[in-house]
Amino acid sequence: MSDIPEPEQPALLGLDDVPGPRKDAPKGRARSGRPGKAALGTTPVADELPVARVVLDLQPAHLDRPYDYLVPAPMADDARPGVRVRARFGPQEVAGYVVERRETSDHDGRLVPLKRVVSADPVLSEAVLRLARAVADRYAGTLADVLRLAVPPRHARVEKEVLAGLGADDAEDGPAAASDAGPGTDTVSGALPGAVSAWSAYLGGEAFCRHLLAGEAPRAVWTPLPGLAPPAGDGPAHVPHWAAAVAEAARATIAGGRRVLIVAPDARDVERVVTALGEAGVDDVVRLLADDGPAPRYRAFLRARHGLADVVVGTRAAMFAPVPDLGLVVLWGDGEDTLAEPHAPYPHARDVLALRSDLEGAAYLLASPGRTVQAQALLASGWAREIAAPRDVVRARAPRVRALTSVELAAEGPGAAARLPTAAWRAARDGLARGPVLVQVPRTGYLPVVACARCRTAARCAACHGPLGMTRPTAAPQCSWCGRLAGGWRCDECGDTRLRAVRVGSDRTAEELGRAFPGTTVRVSASSAPGGVLDRVGAQPALVVATPGAEPVADGGYAAALLLDAAVSTAGTGLATATEALHRWLAAAALVHPAHAGGQVLLVGDAAPTPTGALVRYDPAGLADRELTERRELDLPPAVRVAAVTGDRQAVDAVVARVGLAGPDTVLGPVELPDAEPRRGATLDPQVRAVLRVPLAQGAELAAQLRASLAVRSARREGGTVRVQVDPKEML
DNA sequence: CCCCTTGGCGAC
DNA sequence: TCGCCAAGGGGA
């Protein structure tokens, strides 16, 4: 281009109006500033607050901080805090959010103008921004990563539609004005007492609701009673008690002038909550489900953001939903693994909502049929209070539970070790005389794992050595890793060609039950089943085979439940195996009639004794407490804070070496990871994992040091890959 | 000793 | 990508 020196013209860039901190001798470019492109100088900057502080969507950890830009005059009104913008950052144009408008910048170089305000609607509320910062800090992640989880992608058509619905005034004044009136005060009479019947069975239950009504922020870990809520109309009972109670808590919060956020592990539970809310007279509800696709998801997000609903109910990602005047956060199903975010920095809904409750002064209600050791830790630390029913109430509402261990059945003689012992068969037959019977099977599919019929060697895929299974009675066995069909299979060890089942899935179980109970309807609720996962079944007698988490609600409740292959549920080596097994069993048991109405639950198969005992006693709290004590003794989370650093050996070493808290007492490993999954390509560098373990009080410091180390790593462009996970799922 | 070229890196 | 800065070499 032209070499002719241009005259100094700093005013064209607005430098006289908007310097960095006003120093006497601005150095560098600010002094010798020469506009590269004439166009830059032609647009004047905003008269008021000409600097926009912007959070950019940048990947590298060392760039994780706000940047200042000039606000061109035409964007002066639109570039408010919370709006999406695009701005030039070095070579490229990147997306971001304005987080603040300021008079000056502390940057002492030249400021570049914002490129574009993508939309004048401020989608990133201050509360969500603060939450995202807290989550990034807690999990040693970047703000950009968390914001990617928190704010769904924009959908222009939906945005137009929702903003038009707001009315011109509201759209101009922004969400603050829209929420000034508070949640629908018109729909609530304020008459709470008497309306909280679902809570009257609990110690502290009604008090919790009174606090909600009064606008306070109580925090509780709640173990709901099993069973269904009494039907609101003529139909059969089909709303779980827990959902009805959550709806009442929501109503109390709304009556107190605040809004509610409810997070559940899957879409069916979301739907159950929405139904319960409807029966409680709360209709102003928004569903926020990631599975719904971009348009409905963004519509729900915007409606929540603008305070158009009193209650937001959704799956995991809803934990970040912007809800003005938030008064209560509820997490249902704590212990389900869908509540752990699979994307960096891997936050868990339980912790995110706890941070939210602190930051936004909202009440916190953590509920689950079982109890996780993390929930127990919230109680043990005094952060939350327990809401539970007295033992005699639990006994009155719970079904009768029996564990059919082989020891117990030995008296029955042969057949005791069968998958369906005589006692279980009899219980099912008796139950079928009164209504539907639930059969819980830990595995989906037909025969998910098969072995050689003669020598019992596990059958493996010839191509990739993955385990073989059968998806249908007639089809050839198939590899569960690479999907290849293994026609003409022959055992490597003994040459036999016959296969036997190692694991029996839900589909095969249904087939077997059909033979054992001729003439009885058998339905399957599982992802592998033709009809998929069922939400609800009728009150007629039927065998309902379901995998854990896929149990339909039976109208009026099940007469009995058989929990098959119990040993499979407690066979894992994970730390949470026992509490997870109990969670599955209790979730099924909660759908069965109480004992006085003949409800019966049989646990079949030799499961570990501890969770078995806890099921028989109907005591998830006792099991969690026992596990927490053990974790304390072993210095395992949640008694301590841990962070896993996984990746190439060199990269892991480098990241760990820069962490000041990492010493001989706090670092475990690094150890080589066995690669469970077949990896494409030849032998890649082996992955290693180091675990950092510090007292809880140093958790924040550990995360900060890891963040700093990752920032150095990205600034230096150190090679390889590293993943940092604070409180990784497999260690909880 | 100073100026100009060159390479690396930070990026508002 | 783009431009700043620091380092280094060559010329005065």
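In what follows, every chain begins at residue 1, and chains take the letters A, B, ... in the order their sequences are listed. All heavy atoms count here, side chains included; hydrogens, waters and symmetry mates do not.
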| query | Separation of A/Phe89 atom CZ from C/dT1 atom P, in whole Å? | reply | 16 Å
Can you give each donor-acceptor pair under 3.5 Å made by side-chain atoms of residues 123-133 of chain A, sequence neighbours left out, with the distance rounded to 0.1 Å?
{"residue": "A/Ser125", "atom": "OG", "partner": "A/Val128", "partner atom": "N", "Å": "3.1"}
{"residue": "A/Arg130", "atom": "NH2", "partner": "A/Leu359", "partner atom": "O", "Å": "3.0"}

| Considering residues at least two apart in sequence or located in another chain, which fulfil the side chain to side chain donor-acceptor pair (under 3.5 Å) criterion with A/Arg53? | A/Asp68, A/Asp106
| note | Taken to the nearest whole Å, OH/A/Tyr67 to P/B/dG10 is 11 Å
| said: Please enumerate all residues that pass side-chain contact (heavy atoms from CB on, under 4.5 Å) together with A/Ala52, with sequence neighbours excluded. | reply: A/Val54, A/Val71, A/Val98, A/Arg101, A/Leu114
| query | Can you pull the ring-ring contact (aromatic ring centres under 6.0 Å, His included) pairs that have at least one residue in residues 61-102 of chain A, sequence neighbours excluded? | reply | A/Tyr67-A/Phe89
| query | Can you list the stems that DNA chain C is part of, where a stem is at least 3 pairs in a row, each Watson-Crick or G-U, with both distances below 3.5 Å? | reply | B:1-10 with C:2-11
Please tabulate, one pair per line, all N/O donor-acceptor pairs under 3.5 Å involving side-chain atoms of residues 140-147 of chain A, not counting sequence neighbours.
{"residue": "A/Thr142", "atom": "OG1", "partner": "A/Asp145", "partner atom": "N", "Å": "3.1"}
{"residue": "A/Thr142", "atom": "OG1", "partner": "A/Asp145", "partner atom": "OD2", "Å": "3.4"}
{"residue": "A/Asp145", "atom": "OD1", "partner": "A/Arg148", "partner atom": "NH1", "Å": "2.9"}

| What residue pairs, at least two apart or across chains, pass salt bridge (Lys or Arg N to Asp or Glu O under 4.0 Å) with a residue in residues 312-323 of chain A? | A/Arg316-A/Glu341
| How long is the line joining CZ of A/Arg65 and P of B/dG10, in whole Å? | 11 Å
| note | In numerical order, the residues of residues 713-721 of chain A whose heavy atoms come under 4.0 Å of DNA chain B are none
| message | Filter on salt bridge (Lys or Arg N to Asp or Glu O under 4.0 Å), then keep only pairs touching residues 640-657 of chain A, sequence neighbours left out; what's left? | response | A/Arg641-A/Asp727
| field | Among C/dC2, B/dC12, B/dA11, the nucleotide that comes nearest once only the side chain of A/Pro91 is considered | value | B/dA11
